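It should be emphasised that the depicted structure is a prediction, and the values quoted were computed from it without experimental measurement. Just follow the structure's listing: the first ligand is 1, and inside any ligand the first atom is 1.
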Amino acid sequence: MNLEEIIRNRYTCKAYDESRKVTPDQKRQLMELLRLSPSSVNSQPWHFFVIDTPEGKAQILPAFSEANAAKIDKSALTVVFTTRTEIDEAHLNHLLAQEQQDGRFINDDAKSAQDTGRRYFVNLNSDSVEKQRNWMARQAYISLGFLLLGAAALGMDATPIEGFTPPAMDKALGLEEKGLTSVVVATVGFRGEGDFNTGLPKSRLPQSEVITLL
Ligand SMILES: Cc1cc2nc3c(=O)[nH]c(=O)nc-3n(C[C@H](O)[C@H](O)[C@H](O)COP(=O)(O)O)c2cc1C
């Protein structure tokens, strides 16, 4: 499928065929998609919980209402997108060390410029804990978009899910102790027979309303 076909065919899956599982290679590709998602100043303020075992699913089910719980239950894999509760000094230094290890800096000046630039943008978004968390959540949503498109490109169906209770999710995964907080969820798998959304036409506002060409 080309990109045009992929974006027209992807849709929010409402019911999964629980007999169909993702292959180890599909799972690997989905996890790489998450890991390689872009984020502002390469801040990577996230941690992804990839859940495909009955035990893992059972652990997070209390955070969902009935309709979304069925998707967790029957999909092949669930991703819980979490972000850090704060961007601290240790994280900033860790990012810089990783970039150095990955060969991003031709000299110390380049390294220092990256560090300074990142801190500038982090500070711009850190007037309050709430503002910083909101900024981190926006980065997590980029990875959600990556996952939705990527799953479709791999021939899989997916469901973005905001319909869960974040405090219950944080409790279920022990996120507070880990310095994390839940942001959004997505399920990935294969559409099942009871999916009313499969046959419905896609609905979007017209291009003239949502795009301005200058
Ligand atoms: C951030 C986000 C959260 C969503 N939460 C839910 C949800 O909790 N349950 C659900 O069934 N669909 C959810 N949706 C699906 C949207 O309703 C759907 O993307 C939208 O109607 C457009 O339809 P399409 O994805 O089929 O093209 C969510 C979508 C997004 C992007």
Query raised in the report: Is the number of heavy atoms from other residues, nucleotides or ligands under 6.0 Å of Q207 CD greater than 12?
Result: no
Requested in this report: Could you tell me which residues satisfy ring-ring contact (aromatic ring centres under 6.0 Å, His included) with W135, sequence neighbours excluded, listed by chain and number?
Outcome: none
Query - Lys/Arg N to Asp/Glu carboxylate O, D17 vs K74, below 4.0 Å - result: no
Requested in this report: List, ordered by chain and residue number, the protein residues whose closest non-hydrogen atom lies under 4.0 Å from any atom of ligand 1.
Outcome: R10, Y11, T12, K14, N68, K71, Y141, P160, I161, E162, G163, K202, R204
Query raised in the report: Rest of the hydrophobic cluster containing Y11 (Ile/Leu/Val/Met/Phe/Trp/Tyr, side-chain heavy atoms under 4.5 Å)?
Result: none
Report task. Hey, can you tell me if H47 and F49 have their rings parallel, tilted or perpendicular (30° and 60° cut-offs)? Result -> perpendicular
Report task. Not counting sequence neighbours, which residues clear ring-ring contact (aromatic ring centres under 6.0 Å, His included) with Y16? List them please. Result -> none
